[in-house]
Chemist: 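Mind looking over this structure? Questions follow.
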Amino acid sequence: MNEVSGNWRDSSGAAVRPPIAWALAVIAALALDWLYQLPFLPAAMPAGALGGIVFLAGLALLIWAAGTFRRAGTQIQTTQPTATIVDEGPYRFTRNPIYIGMFLGLIGLAIAIDSLWLILLLVPFYLVIRYGVVAREEAYLERKFGDVYLAYKARVRRWL
């Protein structure tokens, strides 16, 4: 809320757009891997196939969540106003399925390219998403939807 005017911007005010944070994590891991490889899997493991499965699971979750938002008539982008609290589809189980999909995507890529760097970069990615995006989204949704969001928040876990 703007204390001077009494108005607030109708968006979460996220510190970063989540796809940009995701891409930066991947780019940083690839750069670090190029400088100094840190494999973490046994050579005999079918890393490409296993990583691909995990990546596709994350992508499927992300697509399901985004489609659920679209059908509910609300925005996916953190820079746009939210029209409603969505509590269907994957949002019955977690308040942040898109971000869980992003985490799974990073884990899948880490396995596929056998990069411990990408696993390590999950920590700063999580911190950015948790405190720079999710915390701001939650505060925004509480301001905008009040008791409706608080009831949803009490019913459904933030992550899993």
Side-chain angles (χ1 to χ4, degrees), residues 1 8-30 40-41 47-160:
M1 178 174 258
W8 53 276
R9 189 172 148 195
D10 195 9
S11 73
S12 69
V16 65
R17 295 188 67 181
I20 292 172
W22 191 90
L24 289 173
V26 171
I27 291 166
L30 292 174
F40 69 102
L41 298 171
L50 180 59
I53 290 168
V54 174
F55 180 86
L56 290 174
L59 182 61
L61 178 58
L62 195 149
I63 290 168
W64 183 25
T68 304
F69 260 26
R70 282 192 190 98
R71 282 188 298 284
T74 195
Q75 297 293 321
I76 296 169
Q77 297 88 355
T78 57
T79 58
Q80 299 296 313
T82 299
T84 188
I85 298 300
V86 177
D87 60 359
E88 298 174 353
Y91 295 93
R92 292 174 294 172
F93 311 109
T94 173
R95 296 193 312 261
N96 296 293
I98 290 175
Y99 304 137
I100 292 172
M102 290 178 153
F103 284 107
L104 286 172
L106 290 175
I107 293 167
L109 283 177
I111 293 168
I113 66 173
D114 193 11
S115 173
L116 185 59
W117 288 116
L118 196 43
I119 295 293
L120 295 172
L121 285 169
L122 283 171
V123 173
F125 179 74
Y126 168 79
L127 293 172
V128 166
I129 294 298
R130 170 62 185 89
Y131 296 103
V133 179
V134 172
R136 293 171 185 226
E137 286 177 343
E138 289 178 345
Y140 163 66
L141 294 171
E142 283 184 30
R143 282 191 314 270
K144 184 163 183 169
F145 297 103
D147 289 340
V148 172
Y149 179 70
L150 291 173
Y152 172 67
K153 190 175 170 183
R155 238 182 16 259
V156 178
R157 296 173 64 136
R158 179 181 288 138
W159 299 112
L160 291 176

Chemist: Could you tell me the separation between the OH atom of Tyr149 and the CD atom of Glu138, rounded to the nearest 0.5 Å?
Modeler: 4.0 Å

Chemist: Counting the benzene-type ring for Trp, do Phe125 and Phe103 have ring centres under 6.0 Å apart?
Modeler: yes

Chemist: Charged N to carboxylate O below 4.0 Å: is that the case for Arg71 and Glu88?
Modeler: no

Chemist: Measure the CG-OG distance between Leu30 and Ser115 for me, rounded to the nearest 0.5 Å.
Modeler: 7.0 Å

Chemist: Any side-chain to backbone donor/acceptor pair from Asp114 onto Phe40? Under 3.5 Å, distance only.
Modeler: yes

Chemist: Check whether the ring centres of Tyr91 and Tyr152 lie less than 6.0 Å apart, and answer yes or no.
Modeler: no

Chemist: Test your reading of the model: is there a side-chain donor-acceptor pair from Arg158 to the backbone of Asn96, 3.5 Å cut-off?
Modeler: no

Chemist: Return yes when atom CZ of Arg70 has more than 12 non-hydrogen atoms of other residues, nucleotides or ligands closer than 6.0 Å, and no otherwise.
Modeler: no

Chemist: Please report the shortest heavy-atom distance between Ile98 and Leu62, naming the atom on each side.
Modeler: O-CD1, 3.9 Å

Chemist: Evaluate Thr74 against Val86 for side chain to side chain contact (heavy atoms under 4.5 Å, CB included), listing each step before the verdict.
Modeler: CA-CA 8 Å; Thr74 195; Val86 177; 3.8 Å; yes

Chemist: Heavy-atom count check: over 12 atoms from other residues, nucleotides or ligands less than 6.0 Å from Arg157 CZ?
Modeler: no

Chemist: What are the two closest non-hydrogen atoms of Ile76 and Ala66, and how far apart are they?
Modeler: CD1-CB, 3.5 Å

Chemist: What are the two closest heavy atoms between Ser12 and Thr78, and how far apart are they?
Modeler: OG-O, 3.2 Å

Chemist: Could you measure the distance from the CG atom of Leu106 to the CD1 atom of Ile111? Nearest 0.5 Å is fine.
Modeler: 11.0 Å

Chemist: Got a second to check how far Arg155's CZ is from Leu150's CG, nearest 0.5 Å?
Modeler: 11.5 Å

Chemist: Classify the ring geometry of Phe93 against Trp64: parallel below 30°, tilted from 30° to 60°, perpendicular beyond 60°.
Modeler: tilted

Chemist: In sequence, state the C-alpha distance, the side-chain angles, and the governing distance for Tyr99 and Tyr126, and then conclude on side chain to side chain contact (heavy atoms under 4.5 Å, CB included).
Modeler: CA-CA 9 Å; Tyr99 304 137; Tyr126 168 79; over 6 Å; no

Chemist: Atom CG in Leu50, atom CD1 in Ile107: separation rounded to 0.5 Å?
Modeler: 11.0 Å

Chemist: NZ of Lys144 to CD of Glu137: how many Å apart, nearest 0.5 Å?
Modeler: 13.0 Å

Chemist: Between Val134 and Trp159, does a side chain to side chain contact (heavy atoms under 4.5 Å, CB included) hold up when you go through it step by step?
Modeler: CA-CA 11 Å; Val134 172; Trp159 299 112; 4.0 Å; yes

Chemist: Apply side chain to side chain donor-acceptor pair (under 3.5 Å) to Glu142 and list each qualifying residue two or more places apart in sequence or on a separate chain.
Modeler: Lys153

Chemist: For the residue pair Trp22 and Phe55, categorise the inter-ring angle as parallel (less than 30°), tilted (30 to 60°) or perpendicular (more than 60°).
Modeler: tilted

Chemist: If every non-hydrogen atom of Phe145 is compared with every non-hydrogen atom of Thr82, which pair is closest and at what distance?
Modeler: CZ-O, 3.6 Å

Chemist: Hey, does the side chain of Arg92 reach the backbone of Gly89 with a donor-acceptor pair shorter than 3.5 angstrom?
Modeler: yes

Chemist: How close do Ala29 and Leu121 get, counting heavy atoms only, and between which atoms?
Modeler: N-CD1, 3.4 Å

Chemist: Which pair of heavy atoms, one from Ala65 and one from Pro97, lies closest together, and at what distance?
Modeler: CB-CG, 3.6 Å

